[in-house]
**Student:** 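After the structure tokens below, expect a handful of questions from me.
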Amino acid sequence: MRSFFTILLLSFVCCSFAQNQLSDKIYYGGGGGFSTSANQTNISIFPQIGYKITDRHSAGIGIIYQYVKIKRPVDASLSNFGWSVFNRFNVTDQFFGYAEFERLTFEYFTSFSPERTEKSAFNSLLVGAGYSEQISDRASFNVMALYNVLYDESETPRPYNSPWVLRAGLGIGIF
């Protein structure tokens, strides 16, 4: 019985130590977007969670939600959902390289009827660089310029009008 409690105590200590080590390596972040025009409003959010593999290299996953409100040709709301996996390499404390694979299921109007929508999947491989400005001991503000190397102008339908993606967001625990 004594050895059982000893093993239990050692397990608890080891698990607590491992959790502290794990919490030092995990960070959270993401961002959002908003744009509006006379005919359309777009709102997007993309939370992410990352794991610091080394002091300079990290990888993680994210989810994507986009809300699109269209006023013409018909008044309608569309929702797009997706997921992503990413790699980040900090070149310096402020500049980093970034690559992300994104899979987005998006809704669009058919050419046959503006009242009818269909869904399609779209893959993006985003590659680029970013700038990170530390705003506290654990938080940073990040901006990125990414290029979708899988973008094909002739592919229709597609959720993006350009291969370029500009992002801004916050990171918690990256430092």
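Remember, predicted model here, so these are calculated numbers, not experimental data.
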**Student:** Tell me, please, which residues at least two apart from S35 pass side-chain contact (heavy atoms from CB on, under 4.5 Å).
**Tutor:** N42
**Student:** Would you call I61 and W83 a side-chain contact if the rule is heavy atoms closer than 4.5 Å?
**Tutor:** no
**Student:** Does N161 have any side chain to side chain donor-acceptor pair (under 3.5 Å) partners at least two apart in sequence or in another chain, and if so, which?
**Tutor:** none
**Student:** Would you name the heavy atoms of N87 and A59 that are closest together and state the gap between them?
**Tutor:** OD1-CB, 3.7 Å
**Student:** Restricting to ring pair (Phe, Tyr, Trp, His ring centres under 6.0 Å), what partner residues turn up for Y147, sequence neighbours left out?
**Tutor:** W164
**Student:** Check whether more than 12 heavy atoms from other residues, nucleotides or ligands sit under 6.0 Å from atom CD1 of I49, and answer yes or no.
**Tutor:** yes
**Student:** Flag the pair L150 / S124 as yes when at least one side-chain heavy-atom distance between them is below 4.5 Å, and no otherwise.
**Tutor:** no
**Student:** So, using salt bridge (Lys or Arg N to Asp or Glu O under 4.0 Å) as the criterion, who are the partners of E102 when residues are at least two apart?
**Tutor:** R167
**Student:** Looking only at heavy atoms, what is the nearest atom pair of Q66 and S44, with distance?
**Tutor:** CG-CB, 3.8 Å
**Student:** Any chain of hydrophobic side-chain contacts (each under 4.5 Å) joining Y28 to V85?
**Tutor:** yes
**Student:** Specify the closest pair of heavy atoms between V91 and G97, including all atoms of both residues, with the distance to one decimal.
**Tutor:** CG2-N, 4.3 Å
**Student:** With the side chain counted from C-beta on, respond yes when F122 and N80 share a heavy-atom pair under 4.5 Å apart, and no when they do not.
**Tutor:** no
**Student:** Report the residues that fulfil ring pair (Phe, Tyr, Trp, His ring centres under 6.0 Å) with F89, sequence neighbours left out, ordered by chain and then residue number.
**Tutor:** none
**Student:** Only counting residues at least two apart or in another chain, list the ones meeting side-chain contact (heavy atoms from CB on, under 4.5 Å) with Y51.
**Tutor:** L22, K25, I26, I53
**Student:** Has the side chain of T117 got a donor or acceptor atom that lies under 3.5 Å from a matching backbone atom of E107?
**Tutor:** no
**Student:** Among residues at least two apart in sequence or on other chains, which ones pass ring pair (Phe, Tyr, Trp, His ring centres under 6.0 Å) with F106?
**Tutor:** Y108
**Student:** Taking N148 for the side chain and L125 for the main chain, is one N or O donor matched with an acceptor at less than 3.5 Å?
**Tutor:** yes
**Student:** With rounding to the nearest 0.5 Å, note down the distance linking OG in S140 to OH in Y27.
**Tutor:** 9.5 Å
**Student:** I'd like to check L126 versus M144 (side-chain heavy atoms, cut-off strictly below 4.5 Å). Are they in contact?
**Tutor:** no
**Student:** Please step through side-chain contact (heavy atoms from CB on, under 4.5 Å) for the pair Q48 and R88, ending with a clear verdict.
**Tutor:** CA-CA 12 Å; Q48 295 178 320; R88 174 179 167 151; over 6 Å; no
**Student:** Would you say the side chain of S84 lies within less than 4.5 Å of the side chain of F46, judging by non-hydrogen atoms?
**Tutor:** no
**Student:** Can you sort out the partners of F141 under ring pair (Phe, Tyr, Trp, His ring centres under 6.0 Å), two or more places apart, ordered by chain and number?
**Tutor:** none
**Student:** Going by the rule side-chain contact (heavy atoms from CB on, under 4.5 Å), which residues pair with D152 if we only count those two or more places apart in sequence or in a different chain?
**Tutor:** S154, E155
**Student:** Given T41 and K71, is the side-chain contact (heavy atoms from CB on, under 4.5 Å) satisfied, shown in steps?
**Tutor:** CA-CA 9 Å; T41 300; K71 298 174 185 124; 3.9 Å; yes
**Student:** side-chain contact (heavy atoms from CB on, under 4.5 Å) with A129: which residues, sequence neighbours excluded?
**Tutor:** none
**Student:** Verify the cluster assignment for F96 and F86: are they in a single hydrophobic cluster under the rule of side-chain heavy atoms below 4.5 Å apart?
**Tutor:** yes
**Student:** Using only atom types and a distance under 3.5 Å, with no angle test, would you say the side chain of R138 pairs donor to acceptor with the backbone of I172?
**Tutor:** no
**Student:** Check for a donor-acceptor pair, side chain of T54 on one end and backbone N or O of R56 on the other, with a separation under 3.5 Å.
**Tutor:** yes
**Student:** Running the 4.5 Å side-chain criterion over Ile, Leu, Val, Met, Phe, Trp and Tyr, what cluster does F34 land in, apart from itself?
**Tutor:** I43, I45, Y65, Y67, F81
**Student:** Taking all atoms of both residues into account, what is the closest heavy-atom pair of S79 and K119, and its distance?
**Tutor:** O-NZ, 4.4 Å
**Student:** For the residue pair G171 and N142, what are the closest heavy atoms and their distance?
**Tutor:** N-ND2, 3.7 Å
**Student:** When clusters are formed by joining ILVMFWY residues with side-chain heavy atoms under 4.5 Å apart, either directly or through shared neighbours, do Y131 and I135 land in the same one?
**Tutor:** yes
**Student:** Which residues pass the salt bridge (Lys or Arg N to Asp or Glu O under 4.0 Å) test with K69, not counting sequence neighbours?
**Tutor:** D75
